[in-house]
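Working notes, beginning with the structure itself.
Per chain, numbering begins at 1; letters A, B, ... match sequence-line order.
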Protein chains: 2
Amino acid sequence: MAKEGVDMTGETEYMIDRNAGKEAVNVESPSNAKEMRAVVLAGFGGLNKLRVTKKAMPEPQDGEVKIRVKACGLNFLDLMVRQGNIDNPPKTPLVPGFECCGIVESVAENTHGFEIGDRVMAFMNYNAWAEVVCTPVDFVYKMPDDMTFTEAAAFSLNFVAAYMMLFEVASLREGMSVLVHSAGGAVGQAVAQLCSTVPNVTVFGIASCFKHTSIKDSVTHLFDRNADYIQEVKKISTDGVDIVLDCLCGENTGKSLSLLKPLGTYILYGASNMVTGETKSFFSFAKSWWQVEKVNPIKLYEENKVIAGFSLLNLLFKQGGCNLVKSAMDKLLILYEQKKIRPVVDSLWALEEVKEAMQRIHDRGNIGKLILDVEKSPTPLMANDSTETSEAGEEEEEPEGDNDSKERMPFIH
Amino acid sequence: MAKEGVDMTGETEYMIDRNAGKEAVNVESPSNAKEMRAVVLAGFGGLNKLRVTKKAMPEPQDGEVKIRVKACGLNFLDLMVRQGNIDNPPKTPLVPGFECCGIVESVAENTHGFEIGDRVMAFMNYNAWAEVVCTPVDFVYKMPDDMTFTEAAAFSLNFVAAYMMLFEVASLREGMSVLVHSAGGAVGQAVAQLCSTVPNVTVFGIASCFKHTSIKDSVTHLFDRNADYIQEVKKISTDGVDIVLDCLCGENTGKSLSLLKPLGTYILYGASNMVTGETKSFFSFAKSWWQVEKVNPIKLYEENKVIAGFSLLNLLFKQGGCNLVKSAMDKLLILYEQKKIRPVVDSLWALEEVKEAMQRIHDRGNIGKLILDVEKSPTPLMANDSTETSEAGEEEEEPEGDNDSKERMPFIH
């Protein structure tokens with residue numbers, strides 16, 4: 001991962017500079033009702049494979065709504081997709097993105113439950129990063145009145161995943177303890193907030209040191225990912241933790257398995273369908289768990305442990321789980337309206353800034369969610385200054401709020 | 001398993017006949033307050049390694065109670081122990097048995113919560129098959145007034161295991177479906193009853209054909225273990241089942257993995273710490289799940305599946321889980337008092353009949369639980385007639401009840 005990071009960074013900065021001009025042309029071309037802007041991945045690879053271009057305006061089929069998109073969520077998975085590091089990758093060119101929100105612009109035949117003008121958030125099986133999307137209503141949810149589009153784009157995937165892992169896969173109850181890796185990420189922050197809705201839950205968070213000041217109030221105990229946090233957790237909780245949430249993307253996969261209490265649940269989640277090359281750490285983990293001399297398959301049984309995998313997108317788009325997800329979303333929206341949870345937004349980006357946004361996720365710079373703000377104008381790129389956000393081009397819908405400073409926070413490098 | 005069964009049966013019948021005389025001598029020796037009768041396993045091996053003998057009367061240590069045992073539970077695990085097919089086996093000679101019930105006869109210093117005369121059931125880390133046992137109160141539970149000793153001996157291990165698997169490891173909820181192997185066994189019957197306490201739960205049971213008449217009312221759908229039940233279940237429930245309970249002892253381990261719904265939980269349970277020789281099928285399963293070309297570790301994640309191991313005895317005696325177990329027992333006793341659950345007893349046996357009882361479990365002949373009735377006199381063994389139960393020697397505590405016919409049911413061969 002580290003090596004790949006170094007390689008990509010060089011390529012990235014070059015491509016950003018080289019492509020800046022082209023994109024500006026696309027963005028500024030006149031609008032046409034038959035077309036819309038979208039981020040397109042021309043082929044799998046580095047950041048240079050991404051561009052913003054015009055696509056034919058989609059029209060909704062039976063059972064679908066057409067949504068004028070306001071904001072989209074950006075996830076680590078999108079980086080995996082870009083590099084083609086997924087199993088059975090779709091054909092390129094494609095429009096990336098798995099979640100967005102906006103306003104229902106039209107409703108097809110046999111489409112129930114939604115009306116033109118509804119403010120909605122939606123899961124997409126790709127194609128989310130566009131000005132307009134069409135999707136079956138199975139994957140669309142009405143936004144609460146007081147939820148902003150920025151919040152909605154930061155809400156759906158991360159909170160639903162966090163909720164289903166904590167309450168459906170595991171059974172988070174009063175007095176339990178949870179260890180979460182990448183505590184500063186969007187899922188990690190959602191996990192921390194959801195844990196705080198249950199009495200007396202202890203959250204152990206793992207995060208890079210530089211994030212500690214920002215997120216220390218969101219968890220009970222916070223540890224540096226480079227420290228020996230296994231020992232630190234054991235000092236505090238000698239018998240371990242009840243739930244471990246371990247992102248498949250992380251280099252620490254499996255490391256905290258020994259922290260699991262009897263009857264505890266270890267959940268592997270993260271980017272979908274990763275191929276071998278990206279999951280060396282996971283394979284190492286699996287090997288040590290299942291094959292090492294003194295650790296045979298009986299260990300799971302002997303130790304009374306539970307191991308689970310969770311992929312929200314597979315559940316939604318491959319396994320017919322939309323009713324399960326709807327049920328989780330309903331419960332989450334109640335918690336939102338009770339002001340018990342609130343998505344943490346790291347920063348807003350124009351579609352044309354998707355490369356910088358991806359780089360920020362790649363560098364683990366974010367605290368909370370990165371949002372593609374469809375109505376935001378791109379920051380003019382300058383030589384040696386391609387990573388600074390701009391105050392220009394704020395969308396009208398963007399309300400004043402206590403997230404403002406976070407949304408505009410400068411990069412931390 | 002089949003081959004071993006054939007081998008053992010021959011040996012077994014021979015040993016029963018050869019040893020019958022010796023045991024009768026032991027049993028009829030005069031009682032002495034300094035001694036007590038117990039089943040002793042002289043060494044690991046066949047049935048011939050078991051005998052009933054006198055042992056020094058145990059005395060309770062700090063925090064322990066001394067229990068005058070009325071009845072003991074017999075489990076498949078006891079057969080595994082007898083053969084030494086467990087990891088890190090204890091030294092022989094040993095007194096087998098992991099559960100019993102009786103009356104508190106004395107209470108040591110610093111022992112709280114129990115008084116002389118209390119009717120109790122207890123988990124033991126071995127040593128249960130004796131007239132008198134001493135054990136820390138952490139593993140002792142008061143019996144409801146209307147629970148018989150026979151019921152109590154059939155209750156603790158199987159119902160606690162079934163309860164914790166359904167409600168702690170998995171989260172059985174209204175409308176879910178459960179597949180249980182060995183539906184006619186004591187755990188299977190406990191699972192079926194507990195499922196019936198939750199609205200609208202579908203239970204798919206797998207059992208040998210000859211048990212179907214007896215147990216068909218306890219489950220929703222019943223399939224022959226030799227039939228293609230995977231296909232049969234899929235016909236009824238195309239999207240699979242929510243929970244699979246798979247006994248590690250069975251030859252079908254792993255077979256029903258494909259039946260698991262997304263977010264479903266597959267629980268491996270059964271005999272503790274089995275060594276490789278006994279678990280070929282489990283290793284085959286593990287291999288196919290984790291290593292076969294198209295089934296790599298990512299599969300768990302891709303498919304949104306949960307795999308769990310459950311060993312009640314390890315939880316109790318190695319992992320400090322007595323409070324978790326106590327909590328489950330409390331809930332179970334409420335269900336018992338509400339007459340929602342009731343242990344199914346297969347048959348009662350004298351301590352001296354432990355070999356025949358074990359043979360019955362080995363042959364999968366039982367429906368529900370086999371009980372060692374400490375006050376029951378052994379049936380005089382006759383050539384070619386070693387498998388018939390007797391009406392003689394009924395204990396005084398044994399009340400009339402609707403289980404009577406089951407307790408006395410003849411063998412089914």
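- Among the candidates A:Gly321, A:Pro262, A:Gly264, A:Gly320, the residue making the largest number of heavy-atom pairs closer than 4.5 Å to chain B is A:Pro262.
- In this model, a donor atom of one side chain and an acceptor atom of the other lie less than 3.5 Å apart for B:Glu99 and B:Asn75.
- For A:Arg82 and A:Asp78, the salt-bridge test fails: no basic side-chain N is under 4.0 Å from an acidic carboxylate O.
- The salt bridge (Lys or Arg N to Asp or Glu O under 4.0 Å) check on A:Lys234 picks up nothing, with sequence neighbours excluded.
- Annotation: maximal heavy-atom pairing with chain A below 4.5 Å, among B:Ile267, B:Thr265, B:Leu315, occurs at B:Leu315.
- Annotation: ring-ring contact (aromatic ring centres under 6.0 Å, His included) contacts of A:Phe123 (sequence neighbours excluded): A:Tyr141.
- Contact count versus chain A (heavy atoms, under 4.5 Å) is highest, among B:Val306, B:Asn304, B:Asp239, B:Leu263, for B:Asn304.
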